[in-house]
Amino acid sequence: MNTISVDSITKKFGEIHAVDKVSFEVSPGEIFGLLGPNGAGKTTSIRIILDIFKPDSGTVSVLGGPMTEEKKNKIGYLPEERGLYQEIPLERCLVYLATLKGLEETDARQRVGEYLERFELDQWRKKKVKELSKGMQQKAQLITTLVHRPEIVIIDEPFSALDPVNTQMVKDLLCEERDRGTTIIMCTHQMHQVEELADRIALINKGQTVLYGSLDEIRRRYVADAVIVRALQDLPASLPGVREIIKQNNHAMLKFEPGKTAQDVLQMLVQKNISIEQFEIALPTLDEIFIQVVQGKGDGR
Amino acid sequence: MKKFWLIFANEYKRHVLKKSFIFGLLSMPLFLVLIIGVSMLSVWLQFNDAPMGYVDNNHLLTDAVQVPEKKSKLFAVAQAVPFEDEASAKTALENGSIQTYFILADDYLSTGKVTMVKNSKTGTNASSDFGDFLVYNLVSDLPDQTALRLSEGNNLIVRSLEGTRETGADNWMAIILPVLAGVLFMIAVNISGNYLLQAVVEEKENRTMEILVTSVSPTQLMAGKVVGNMLVGLTQLVVWVVFAVIAIKVAPSFIPDLQIPPIETSYLLLMVATLVPSFVMVAAAMGAIGATATESREAQQIAGWFTIPIMVPLWFISAIMLKPNGALSVGMSLFPLTAPIALPLRAVFTDIPAWQIIMTLGLLSVLAVFSVWLSGRVFRLGMLRYGKRVRLSEAFRRAK
């Protein structure tokens, strides 16, 4: 059974189609990337899943059925628009939000204490939230998302406002959650972050799903007819069966002529006695696929 | 339901435990005590209980006796001392053994003319104390009851034409109470409403709302907020009323002259029956305004316009007193926003027909329920709108 099933949801705001027949499924224990440029409809889709908005049509199933008040306690949500009560002490704020997720106050207090220590925020626990830096508040929000040990974690732009050290910490935390069996939906436009973490993705553009599947499968689908070669000597200006050589720092990308394969190119290089240190299929980055698809050069699958 | 109590307790505690709230709670009674204290101090500073002299050439006050001290008097009565002539009285005034002296004119009985000679040390109580002394001795030969009636005056009872209502002319409490209750109501409802308004707008402004609505249903969230913040206002109101009751009970032992007239229970019930639904109605409406607005300053401005009508009956208080059954008075006591103050105020001066009371209370109750419903609707629509207001028409259109 899928943890989340989104089936052809549509939502209009006035005349604008924020989400138009979007469908995807999220399996238990995976990190799922919900990607798309700004304004694509990612956040609206998330809000429909969370029952903040009702869809105009289509259905959403969470943990085997429609959203209920009980199921809300099994979800941890970090919205894109971060926010905490600014005028109250950090610990009180986190304990209150944890009790709203169904924890008893004593448990909430204990778990919040553990997380504050882990996130090196324990000396700030009595300080008002407004006295914390943006990064600290971001970490405090993560505590709110995870403190009740949810079965599903939905994070909208998880790495915004984080420095490299804290970005790595969040990545480790998400992997740890996945290992614990938590299903994670990561909603972002930062493709390189998704590449490292996500098992599968859905790419939304202008309210519609334009790409959906496992990350490996999608990258292979968009593979260019090219190889990356690092040779010990300079490559000749032209090579048989190669229509273009693009030199990059210490390697070169060789684009094949139509009908040629990587095997043909490798044989040709060996025949020409070119000493090779590296030879690999040039897989496109998610950024490149993203740009291709968003600019309308994708296959729309 | 548990989450409702969590929201409720959080809303209540976050205001009630604030220093500013406790300061506000105590400042009103302390301010009143201060004002009363300063007034009494000012009276005391101008009071002088040193003896007063008098010159009575007509011998009207032969064998005069001092006015007996009443237990109910806060300050002692200045004693009156006779002098043979004005010269000796003047000497006594100059050497400070008396604070003032009075000379009864030769034709006093026909003209009532008395000359008072005073200096800077003469107390403000001297003339009234001497007046009491004069009346007390002039009527001393009459039967006791007659003498008492002449010195105390009439006890006027004002009765309505139908004969169903009457009040003592000195029952100032009946007039003060609705005005006082109205002002306290305004303050309490503003406190509750503003807290509610702030609570909703603040969570939109600081973006906590999105986390909250994924933890608790909008209905529970709004209900917890409305009840929690209403209770904050009611706490304030109850504490002030308790202070007032204590003051009413305790004041006569400090201020014996103060006579606090009794208030009819039916009148108090009418006031409570009017104020409770009004309170819910206004507080919930303020919550709805908070949900429609995009920032707290805007919400405050809208709420300001909304609360003005509640005060309107106080502007027309003289019209209500003079014509309690006039069209203006009746209209204001029926209109839900002016009724909280206008209805109890009218009840002091006239017998309000039962149908009018039932209609007003019915309207207020229906509107109270409607306000809570509407605020829930608007809240659901407006909770995640940043920068765009929810129109009321939209709330009704989407009421499904």
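None of the values given here were measured: they were computed from a predicted structure. Letters A, B, ... mirror the listed sequences (proteins, then strands); counts begin at 1.
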Practice task
Please confirm whether the backbone N or O of Gly102(A) pairs with a side-chain atom of Lys2(B), one donor and one acceptor, at under 3.5 Å?
Solution key: no
Practice task
Search all heavy atoms of Lys72(A) against all heavy atoms of Ser215(B) and return the closest pair with its distance.
Solution key: CD-C, 4.1 Å
Exercise for the section: For Ser217(B) and Glu69(A), work out which heavy atoms get closest and say how close. Expected result: N-OE1, 3.1 Å
Problem - Pairwise side-chain contact, Lys3(B) with Asn73(A), heavy-atom cut-off 4.5 Å (strictly under) - result: yes
Exercise for the section: Check whether any side-chain heavy atom of Leu212(B) lies under 4.5 Å from a side-chain heavy atom of Leu97(A), and answer yes or no. Expected result: yes
Other residues, nucleotides and ligands only: do more than 12 of their heavy atoms fall within 6.0 Å of [atom1] on [X]?
{"X": "Glu131(A)", "atom1": "CD", "result": "yes"}
{"X": "Lys171(A)", "atom1": "NZ", "result": "yes"}
{"X": "Lys74(A)", "atom1": "NZ", "result": "no"}
{"X": "Glu105(A)", "atom1": "CD", "result": "no"}
{"X": "Trp124(A)", "atom1": "CH2", "result": "no"}
{"X": "Ile35(B)", "atom1": "CD1", "result": "yes"}
{"X": "Gln123(A)", "atom1": "CD", "result": "yes"}

Handout entry: Pair Arg14(B) + Glu87(A): basic N to acidic O under 4.0 Å
Key =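 Salt bridge flag = no for Glu87(A) with Arg14(B).
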Under a 4.5 Å heavy-atom cut-off, does chain B meet the side chain of [X], its backbone, both or neither?
{"X": "Tyr96(A)", "answer": "side chain"}
{"X": "Gln141(A)", "answer": "side chain"}
{"X": "Ile75(A)", "answer": "neither"}
{"X": "Thr144(A)", "answer": "side chain"}

Problem - Reported CG-to-CG distance for the pair Leu100(A) and Leu221(B), which is rounded to 0.5 angstrom - result: 8.5 Å
Problem - Glu210(B) CD to Glu80(A) CD distance, which is reported to the nearest 0.5 Å - result: 9.0 Å
Exercise for the section: Answer with side chain, backbone, both or neither: which region of Ile7(B) has an atom nearer than 4.5 Å to a non-hydrogen atom of chain A? Expected result: both
Practice task
Among the options Thr214(B), Val216(B), Leu6(B), pick out the one with the most heavy-atom pairs lying under 4.5 Å from chain A.
Solution key: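 Answer, by heavy-atom pair count under 4.5 Å with chain A: Thr214(B).
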